[in-house]
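This report refers to the structure that appears directly beneath it.
Every chain is numbered from 1 and lettered A, B, ... according to where its sequence line falls, protein lines coming before strand lines.
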Amino acid sequence: MSFSGKILDWYHQNKRSLPWRKSINPYKIWLSEIILQQTRVTQGTPYYLRFVEKFPTVHHMANASEEEVLKLWQGLGYYSRARNLHATSKIVVNQYNGNFPNTYKELLKLKGVGDYTASAISSICYNEPQAVVDGNVYRVLSRYYGVDIPINSTEGVKYFKSLAEKVMDINDIRDYNQGIMEFGAIQCSPKKPLCLHCPLNESCVALQKGIVDRLPVKLKKTKVRNRYFNYLIPIYKDANGNQFTNLQQRKGKGIWQNLWEFPLLESNSILDIEDVDNRYKEVLDGIGEVELIEFNEVAIIHKLSHQHLHTKFWILNTGIQIPNQISFEKIKEFPVPVLIADFIKAFKF
DNA sequence: AAGGCGGGGTC
DNA sequence: GACCCAGCCTT
């Protein structure tokens with residue numbers, strides 16, 4: 001039997017029941033594909049369920065604010081996906097009359113939709129013969145055909161896309177594409193693949209050569225940058241006992257764009273209480289004299305894929321109102337990075 | 001062509 | 001610690 005035939009047979013026997021597989025509604029497929037970019041099914045599924053609950057159609061999402069979308073996305077990471085998700089929902093409503101484009105070529109024009117996602121949507125929703133190439137497909141093809149071209153090189157991207165197109169089943173592309181990805185996730189997994197009872201184990205080049213654990217080949221790793229964050233939490237209590245603090249929205253480039261955080265004093269190394277006392281006015285002026293309290297003695301190292309954020313939180317009790325202050329009860333309504341959400345939880349606002 | 005962009009799970 | 005995850009975008 002052909003490669004694609006075995007993939008299809010395996011899929012029909014082993015596919016998981018996943019919420020987005022219950023329909024081929026392009027809005028739901030698009031939503032699931034954006035959520036699942038660089039994200040495991042187990043992590044993305046609860047987000048998908050909350051999104052379809054809150055935004056049943058593309059119109060619901062388009063009518064929401066970016067802030068609402070970011071809040072629902074909070075904790076999932078790669079927040080440009082959420083910003084593009086919202087922007088695209090508005091484009092689909094306003095420029096496509098609420099109907100998603102139904103071809104690979106048109107889908108590719110949408111924000112946040114690249115080659116993989118356009119292929120996935122067009123094949124799953126419309127049976128258009130476009131080969132998906134995600135991390136699973138790279139792994140399955142590189143092993144089965146014994147290809148050691150780095151998957152993240154320009155040559156590799158072209159080679160594997162071409163190979164994927166060559167071996168796909170255009171007569172059932174919807175199930176074939178989902179099948180090869182599911183096969184990569186369940187059977188041909190990164191660690192400890194189930195080669196012993198694999199339907200392809202008699203013709204898998206990597207297995208025959210004993211190099212399954214060395215494929216696929218990937219170039220280098222990202223270098224990690226250390227940064228030193230001092231979050232300053234101003235606190236003002238009024239005569240009625242109501243408490244206030246301050247949040248600011250991250251703008252411009254870099255991490256966590258459009259998410260909210262406490263006033264941030266970034267430094268070149270870890271600061272002690274004296275340093276902060278001398279410098280807090282750089283980012284938090286107009287709050288008068290303060291009582292400065294070190295919240296965590298040992299810096300929290302929040303790890304992103306490319307940055308390590310050595311973070312200390314400082315409490316600044318002040319006797320006068322804080323510019324742009326917000327009440328404690330409002331804090332939880334803002335979309336914030338996990339680092340901030342964890343602090344909010346620990347501080348018990 | 002290379003680097004930036006999150007957070008969590010696994011080994 | 002290192003690797004990986006239904007990748008995309010900018011420079």
Nucleotide [N], atom [atom2] - distance to [atom1] of [X] in whole Å:
X: Gln74(A); N: dG7(B); atom1: CD; atom2: C1'; value: 12 Å
X: Ile340(A); N: dG6(B); atom1: CD1; atom2: C1'; value: 14 Å
X: Asp342(A); N: dG7(B); atom1: CG; atom2: P; value: 9 Å
X: Trp73(A); N: dC5(B); atom1: CH2; atom2: P; value: 17 Å

Over 60° means perpendicular and under 30° means parallel, so tell me whether Tyr27(A) and Phe100(A) are parallel, tilted or perpendicular. tilted
May I ask you to decide if the ring planes of Phe3(A) and Tyr145(A) are parallel, tilted or perpendicular, using 30° and 60° as cut-offs? tilted
Sub-3.5 Å donor-acceptor pair from the side chain of [X] to the main-chain atoms of [Y], do we have one?
X: Arg279(A); Y: Leu265(A); value: no
X: Arg227(A); Y: Gln307(A); value: no
X: Asn84(A); Y: Ser80(A); value: yes
X: Asn97(A); Y: Asn99(A); value: no
X: Gln187(A); Y: His197(A); value: yes

Interatomic distance at [atom1], [N] relative to [M], whole Å:
N: dC8(C); M: dG9(B); atom1: P; result: 24 Å
N: dG3(B); M: dA6(C); atom1: C1'; result: 23 Å
N: dG6(B); M: dC5(C); atom1: C1'; result: 12 Å

Got a sec? Which of [range] come in under 4.0 Å of DNA chain B, heavy atoms?
range: residues 300-311 of chain A; value: His302(A), Leu304(A), Ser305(A), His306(A), Gln307(A)
range: residues 16-39 of chain A; value: Gln38(A), Thr39(A)
range: residues 104-119 of chain A; value: none
range: residues 246-262 of chain A; value: Gly254(A), Ile255(A), Trp256(A)
range: residues 75-88 of chain A; value: Gly75(A), Leu76(A), Gly77(A), Tyr78(A), Tyr79(A), Arg81(A)

Per-pair distances, 0.1 Å, donor-acceptor, side chain in residues 311-324 of chain A, under 3.5 Å, sequence neighbours excluded:
from      : atom 1 : to        : atom 2 : distance (Å)
Thr311(A) : OG1    : Leu309(A) : O      : 3.1
Lys312(A) : NZ     : Glu294(A) : OE2    : 2.6
Lys312(A) : NZ     : Glu297(A) : O      : 3.4
Trp314(A) : NE1    : Asn230(A) : OD1    : 3.0
Asn317(A) : ND2    : Glu291(A) : OE1    : 3.1
Thr318(A) : OG1    : Ile287(A) : O      : 2.6
Thr318(A) : OG1    : Ile320(A) : N      : 3.3

Considering only distance and modelled atom types, tabulate donor-acceptor pairs under 3.5 Å from the side chains of residues 202-209 of chain A, sequence neighbours left out.
from      : atom 1 : to        : atom 2 : distance (Å)
Ser203(A) : OG     : Tyr144(A) : OH     : 2.7
Gln208(A) : NE2    : Glu202(A) : O      : 3.0

Among residues at least two apart in sequence or on other chains, which ones pass side chain to side chain contact (heavy atoms under 4.5 Å, CB included) with Arg16(A)? Leu18(A), Arg21(A), Val41(A), Glu182(A), Ala185(A), Ile186(A)
Sorted by chain and number, sequence neighbours left out, side chain to side chain contact (heavy atoms under 4.5 Å, CB included) with Asn171(A) holds for Asp169(A)
Set out, in order, the CA-CA distance, both residues' side-chain angles and the distance that settles side chain to side chain contact (heavy atoms under 4.5 Å, CB included) for Tyr47(A) and Thr39(A), then state yes or no. CA-CA 11 Å; Tyr47(A) 283 84; Thr39(A) 304; over 6 Å; no
Reference residue Asn258(A); test side chain to side chain donor-acceptor pair (under 3.5 Å); the match among Glu67(A), Gln249(A), Glu66(A), Arg83(A): Glu66(A)
Pair Gln248(A), Val283(A) - check side chain to side chain contact (heavy atoms under 4.5 Å, CB included), show working. CA-CA 11 Å; Gln248(A) 304 175 354; Val283(A) 293; over 6 Å; no
Can you measure from [atom1] ([X]) to [atom2] ([Y]) and round to the nearest 0.5 angstrom?
X: Leu85(A); Y: Ser89(A); atom1: CG; atom2: OG; value: 6.5 Å
X: Ser119(A); Y: Glu128(A); atom1: OG; atom2: CD; value: 8.5 Å
X: Trp20(A); Y: Thr45(A); atom1: CH2; atom2: OG1; value: 3.5 Å

Earliest and latest nucleotide of DNA chain C, 5' to 3', sitting under 4.0 Å from a non-hydrogen atom of chain A? dC3(C) to dT11(C)
Looking at Lys71(A) and Glu68(A), is there a salt bridge between them, counting it only when a charged N and a carboxylate O are closer than 4.0 Å? no
Kindly check if the number of other-residue, nucleotide or ligand heavy atoms within 6.0 Å of CD1 (Ile170(A)) is above 12? no
Are there more than 12 heavy atoms of other residues, nucleotides or ligands under 6.0 Å from atom CG of Asn94(A)? yes
Phe343(A) vs Ile233(A) side-chain heavy atoms within contact, under 4.5 Å: yes
Can you find a pair of side-chain heavy atoms, one from Gln130(A) and one from Met168(A), that are under 4.5 Å apart? no
Between Val69(A) and Phe51(A) the two heavy atoms that sit nearest each other are O-CZ, 3.8 Å
Proximity to DNA chain C (any heavy atom under 4.0 Å), residues of residues 142-162 of chain A only: none
Atom pairs, N/O to N/O, protein against nucleotides 9-11 of chain B, distance under 3.5 Å?
none

Quick one: label Val41(A) by what it contacts on the DNA or RNA (base, sugar-phosphate, nothing), any heavy atom closer than 4.0 Å. sugar-phosphate
